[in-house]
Amino acid sequence: YQITFSMYQMYMETVCDLLTPGNGQLRVVESPNGEGSHLQGLTEHVVNSPEDIYALLSKADTVRRMEFASHDPVVVGRRCHTVTSLNLSYATFLPPVSISQVRGSG
C-alpha cells in the first residue's frame, strides 16, 4: 500500500498548494475519464510514518502564515479554508500463472 498526503488552501477565489508554495494558483478541472474533478498541479507527498505527516503539517502551516502575514487575521479566518487529504492506495499482485496451470485448473 501507499499513503499520500496533500494540503491546499482556498481564500476568496484563489486555491494554492500549501506544500509547494511556488506552484502558483491551482485550477479545478474535470477528469477526462468522467471520474469527477481534481486540482490541477496539486502535489501529493508519499508518507511512511506519523512523523512524515507532522513534518508536512508544519511546513504547510509555515507557508500559510507567510502567505497571509500582511492580511487582517479576522478577515482571513472567515474566508480561508484549508483542506488536508490522506489517500490510501493499494494493489494486489498475483504470482505469474502459466497457460498450462490455467488449463489444468478447471
Original post:
Can you find a pair of side-chain heavy atoms, one from Leu18 and one from Tyr8, that are under 4.5 Å apart?
Top reply: no

Subject >> Partner set under side chain to side chain donor-acceptor pair (under 3.5 Å) for Thr43, not counting sequence neighbours >> reply: Asp17, Thr20, His45

Original post:
Looking at residues at least two apart in the chain, or sitting in another chain, which of them share a side chain to side chain donor-acceptor pair (under 3.5 Å) with Gln25?
Top reply: none

Original post:
Are the side chains of Val28 and Leu39 in touch, meaning some heavy atoms are under 4.5 Å apart?
Top reply: yes

Original post:
Which residues pass the salt bridge (charged side-chain N to carboxylate O under 4.0 Å, His left out) test with Asp61, sequence neighbours left out?
Top reply: Arg64, Arg65

Original post:
Would Leu19 and Leu42 show up in the same hydrophobic cluster when neighbours are defined by side-chain heavy atoms closer than 4.5 Å?
Top reply: no

Original post:
Is Met7 linked to Met10 within one hydrophobic cluster, defined over Ile, Leu, Val, Met, Phe, Trp and Tyr using a side-chain heavy-atom separation of less than 4.5 Å?
Top reply: no

Original post:
Do Tyr11 and Val83 share a hydrophobic cluster (ILVMFWY, side-chain heavy atoms under 4.5 Å, transitive)?
Top reply: no

**OP:** Measure the CD-CZ distance between Gln40 and Arg27 for me, rounded to the nearest 0.5 Å.
**Re:** 5.0 Å

Original post:
Does Leu86 share a hydrophobic cluster with Val46, counting links as ILVMFWY side-chain heavy atoms below 4.5 Å and allowing steps through other members?
Top reply: no

Subject >> ILVMFWY cluster, Ile3 and Ile53 together (side-chain gap under 4.5 Å) >> reply: yes

